[in-house]
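This report refers to the structure that appears directly beneath it.
Chain naming here is simple, since letters A, B, ... match the order of the sequence lines and numbering starts at 1 in each.
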2 protein chains.
Amino acid sequence: MARDAEWIIRVISERGMRITEQRRKLAELFAGSPTFLSPKEIYRMMDGSHPGLSFDTVYRNLKVLLTLGVIQPYYIGEEVKYGIGPALPEHRHPFICLECSRKIELPFCPVEAIELPASFRMIRHRFEVYGYCQDCSGKEDAALC
Amino acid sequence: MARDAEWIIRVISERGMRITEQRRKLAELFAGSPTFLSPKEIYRMMDGSHPGLSFDTVYRNLKVLLTLGVIQPYYIGEEVKYGIGPALPEHRHPFICLECSRKIELPFCPVEAIELPASFRMIRHRFEVYGYCQDCSGKEDAALC
DNA sequence: TGCGTAATCGTAATATTTACGAATTGATGA
DNA sequence: TCATCAATTCGTAAATATTACGATTACGCA
């Protein structure tokens, strides 16, 4: 299932929502952009093909795409930007209890927010957190890091 | 060097800036809070002891503390919050090139933004990113993840 | 092609952050 | 201790970002 503009359009349509010119353009923007996009950037990029575009339309449709799981927010610097789908295939990172070895899946991946210089290419990563789980809290500290 | 209110006050003073009642209160807030604080939360917590407090004062002093390296911003959910110093002793995580094994230090630590349930305690973590560096980009993709 | 309603526009309201002159107050030296 | 002066704060407003809403438009369906 390629994550292109048509995929986005199909997702919107399958959920019973209408395909407007604005949403089609938005899908093309997200599918074609190599960078994450802020609402203001999206507004500027859409205003060319849709003069008189309302900010309401941009924000409303961003929420639609978020709800549908088509895009995700990334908090870069001090602003919120949006990008198509998860950056990598779905996966989880573990929280590992030093006492009971219980493994709990963390609900996020730090790589989603990473910005490397353009010339670098990220292929894979490893992220593990160690500590004491709910049941084992209260044990003595281990050496930090 | 304990990271308490007096430490913050000392840092401000050593840089030749004045110790005002507002800054003293701000230092106590950051030193005493178990959570990160948003500007609005800070304003509300300070307004009790300083009626008529100006937002300008809050934002200006947040910038002062940021510049001094006393606090750091964390982007939690959709808002910016601030917390005292780095969460852990200073350390770096590596970007490792799959081609030339070059190790580049990443300028951030994902743990800074982690929010675990209150009953969990994080002791240490591991974060490594693998890919192709500036010089080795253009090689074929490896299997993702 | 015509209908019903979801979506958009245009505008304004709300929230957040920054800016600035007048007044205040902390730090310094006599 | 007191006077001085500039850094800091206050009070208010401007700038920016986000959300809200009635009137209008246009998409999807029969």
Side-chain angles (χ1 to χ4, degrees), chain A residues 5-6 8-30 36-68 70-71 73-82, chain B residues 5-6 8-29 36-68 70-82:
Chain A
E6 284 312 310
I8 298 177
I9 295 298
R10 200 179 329 124
V11 171
I12 296 173
S13 182
E14 284 171 354
R15 300 291 189 95
M17 314 190 82
R18 292 182 179 173
I19 306 305
T20 65
E21 284 306 312
Q22 292 85 345
R23 284 176 178 170
R24 198 178 295 277
K25 177 68 177 176
L26 194 57
E28 290 167 6
L29 280 184
F30 275 120
F36 297 141
L37 302 171
S38 68
K40 191 159 59 175
E41 287 169 341
I42 292 167
Y43 179 81
R44 277 201 291 258
M45 295 170 86
M46 289 184 67
D47 198 32
S49 54
H50 296 82
L53 178 72
S54 171
F55 264 106
D56 190 27
T57 300
V58 173
Y59 282 104
R60 197 165 15 78
N61 283 323
L62 284 176
K63 286 219 170 126
V64 167
L65 294 184
L66 279 171
T67 302
L68 296 180
V70 167
I71 60 173
Y74 300 86
Y75 304 94
I76 299 169
E78 296 206 0
E79 58 183 346
V80 185
K81 297 197 171 194
Y82 300 87
Chain B
E6 282 313 309
I8 299 177
I9 295 298
R10 202 181 326 124
V11 171
I12 296 173
S13 182
E14 283 170 354
R15 300 290 189 96
M17 314 189 83
R18 293 183 178 171
I19 307 305
T20 64
E21 283 307 312
Q22 293 83 347
R23 284 176 177 169
R24 199 178 294 277
K25 177 68 178 175
L26 194 56
E28 290 167 5
L29 280 184
F36 297 143
L37 301 172
S38 69
K40 191 159 58 174
E41 287 169 340
I42 292 167
Y43 178 81
R44 276 201 290 259
M45 294 170 86
M46 289 184 68
D47 198 33
S49 53
H50 296 83
L53 178 72
S54 171
F55 265 107
D56 190 26
T57 300
V58 174
Y59 282 104
R60 197 167 13 78
N61 283 322
L62 284 176
K63 285 217 169 125
V64 167
L65 295 185
L66 279 170
T67 302
L68 296 180
V70 167
I71 60 173
Q72 287 192 341
Y74 300 85
Y75 304 93
I76 299 168
E78 297 205 0
E79 59 183 345
V80 185
K81 297 198 172 194
Y82 300 88

Quick one: which of [options] gets closest to the side chain of [X]?
| X | options | answer |
| --- | --- | --- |
| R23(A) | dT16(C), dA7(C), dC27(D) | dA7(C) |
| P39(A) | dT8(C), dT18(D), dT8(D) | dT18(D) |
| F55(A) | dA7(D), dA7(C), dT18(D) | dT18(D) |

What integer distance in Å separates [X]:[atom1] from [N]:[atom2]?
| X | N | atom1 | atom2 | result |
| --- | --- | --- | --- | --- |
| E41(A) | dA17(D) | CD | C1' | 14 Å |
| K25(B) | dT9(D) | NZ | C1' | 17 Å |
| E21(B) | dG26(C) | CD | C1' | 10 Å |
| D47(A) | dT8(C) | CG | P | 15 Å |
| Y43(A) | dT8(C) | OH | P | 14 Å |
| L66(B) | dT17(C) | CG | C1' | 14 Å |
| R24(B) | dT25(C) | CZ | P | 15 Å |
| M46(B) | dC10(D) | CE | C1' | 13 Å |

Exercise. Does any N or O donor sit under 3.5 Å from an N or O acceptor when you compare the side chain of R18(B) with the base of dA27(C)?
Worked result: no
Exercise. With distance as the sole criterion, do the side chain of R60(A) and the base of dT8(C) form a donor-acceptor contact below 3.5 Å?
Worked result: no
Seminar exercise, completed: side chain to side chain contact (heavy atoms under 4.5 Å, CB included) test vs I71(A) passes for just one of I8(A), L62(A), N61(A), namely L62(A)
OP1 or OP2 of [N] under 4.0 Å from side-chain N/O of [X]:
| X | N | value |
| --- | --- | --- |
| Q22(B) | dC10(D) | yes |
| K40(B) | dA15(C) | no |
| T20(A) | dC27(D) | no |
| Y59(B) | dT18(C) | no |

Seminar exercise, completed: In short, L53(A) meets D47(A) closest at the heavy-atom pair N-OD1, 3.7 Å
Problem set entry | Sugar-phosphate only, base, or nothing, as touched by S54(A) at under 4.0 Å among non-hydrogen atoms | base
For this session: Check whether any side-chain heavy atom of V64(B) sits under 4.5 Å from a side-chain heavy atom of R23(B), and report yes or no.
Result: yes
Seminar exercise, completed: Between D56(B) and L53(A), whichever has its closest DNA chain C nucleotide further toward 5' is L53(A)
Seminar exercise, completed: By nearest-nucleotide position on DNA chain C, the 5'-leaning member of N61(A) and K63(B) is N61(A)
For this session: Compute the ring centroids of F30(A) and Y82(A), then answer whether they are less than 6.0 Å apart.
Result: no
For this session: Show the numbers, then the answer: is there a side-chain contact (heavy atoms from CB on, under 4.5 Å) between E21(B) and K25(B)?
Result: CA-CA 6 Å; E21(B) 283 307 312; K25(B) 177 68 178 175; over 6 Å; no
